[in-house]
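We name chains A, B, ... by the order of the sequence lines, and we start the count at 1 in each one.
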Protein chains: 2
Amino acid sequence: MAKTNAAFMSGIPELVVLRLLSRSEMYGYELIRAIRLTSGESIVLAEGVVYPTLHGLEQRGLLKAKEKLVKGRLRVYYQTTAKGKKRLVELENDWHRINNGVEAILRRVVCQN
Amino acid sequence: MAKTNAAFMSGIPELVVLRLLSRSEMYGYELIRAIRLTSGESIVLAEGVVYPTLHGLEQRGLLKAKEKLVKGRLRVYYQTTAKGKKRLVELENDWHRINNGVEAILRRVVCQN
DNA sequence: TCCTTATACATATTGGTTATAGGTATGATA
DNA sequence: TATCATACCTATAACCAATATGTATAAGGA
């Protein structure tokens, strides 16, 4: 069987993480579920993808982290910073541009030649 | 200035090459222009990306190559094979699935929380 | 009680693929 | 004759997602 995410995934983790955490803060484990559910199971990111992404984005100042202890269990909540939201706008623009470009190639009807 | 293709490019070369060469045969240099023009300058692939892609796809039997000498200049024309077209369908499906997933995350309105 | 599953975090390594930077050679144009 | 466009090519670097693995606690079932 094919992998859950075949190709076309580069840049997606950063984009969706910044987007989801710009709406409401979440902790990693929660975020992973949110990505899976919100995308309708189309995008399934493993922990080994999401946690390094979160750490990287935090280090770059695009996310802010704060720890909470809930029911004797540690949670690290993240939210997108102002800088992260600016970055998010850039990424969305890039994504739509690439997208439109690919669509233009895919959709062009054969008979034009 | 930003790079022409920031992120979001994984899988795209294979997809657009198979798609364009499934309509009409082209040689590499021509294909590079076609990608740029058909995508409305949104997708600009350098020769160092396209030629290795062509070779790889040919080796996998997804493209068929034939050499022509035109005006004293060598051209290698490629076209998508039947196997390549099957692969193309898969890629298009994957691409649309990922796409829809990302769109679902991006477009979801804040107030649903 | 014991075992398993779900929760919640983390990282090291691998692998795959695009991007960059070069290199060769011919025809056309100024 | 010098430059640009054409037309091919490849090696290396850089980037990032995927995989595999590890730790630890809470909850639920047998």
In whole angstroms, the gap separating P of dA24(D) from NZ of K71(A) amounts to 22 Å

Could you check whether G28(A) gets within reach of a base, just the sugar-phosphate, or nothing at all, counting any heavy atom under 4.0 Å?
sugar-phosphate

Between dC9(D), dT20(C), dA8(C), which nucleotide has the shortest distance from any of its atoms to the side chain of A46(B)?
dT20(C)

Would you say T80(B)'s side chain and S22(B)'s backbone share a donor-acceptor pair under 3.5 angstrom?
yes

L91(B) CG - dT17(C) P separation (whole Å):
11 Å

Length of the NZ-P vector between K66(B) and dC8(D), whole Å
14 Å

Options dA10(C), dT19(D), dC9(C), nucleotide nearest the side-chain atoms of Y78(A)
dA10(C)

What contact category does P13(A) fall into here, base, sugar-phosphate, or nothing, at under 4.0 angstrom with non-hydrogen atoms?
sugar-phosphate

Think Y51(A) has a side-chain N or O under 4.0 angstrom from the OP1 or OP2 of dA10(C)?
no

Please check: side-chain N/O of T38(A) versus main-chain N/O of I105(B), any donor-acceptor pairing under 3.5 Å?
no

Nucleotide nearest P52(A) (side chain, heavy atoms from C-beta), chosen from dT11(C), dC9(D), dC9(C)
dT11(C)

Can you measure E67(A) atom CD to dT25(D) atom C1' for me and round it to whole angstrom units?
16 Å

Which of K85(A), R19(A), K86(A), R97(A) passes salt bridge (charged side-chain N to carboxylate O under 4.0 Å, His left out) with E92(A)? It is R19(A)

Starting at atom CG of L54(B), determine the distance to atom C1' of dC9(D), rounded to an integer number of angstrom.
12 Å

All pairs passing salt bridge (Lys or Arg N to Asp or Glu O under 4.0 Å) where residues 28-52 of chain B contributes a residue, at least two apart:
R36(B)-E41(B)

Would you say H55(B) reaches dC8(D)'s phosphate, i.e. side-chain N/O to OP1/OP2 under 4.0 Å?
no

Side-chain atoms of E47(B) come closest, of dC8(D), dA19(C), dT11(C), to dC8(D)

Is there a side-chain contact between Y29(B) and the phosphate of dC8(D), meaning an N or O under 4.0 Å from OP1 or OP2?
no

Which whole-number value in Å describes the distance from R33(B) CZ to dA5(D) P?
12 Å

side-chain contact (heavy atoms from CB on, under 4.5 Å) involving N99(B) - partner list, sequence neighbours excluded:
W95(A), N99(A), W95(B)

Toward the 5' end of DNA chain D, by each residue's nearest nucleotide, R73(A) or G11(A):
G11(A)

Rounded distance (Å) that lies between atom P of dT19(D) and atom CE of M9(A)
11 Å

Can you tell me the distance, in whole Å, between the CZ atom of F8(B) and the C1' atom of dC15(D)?
14 Å

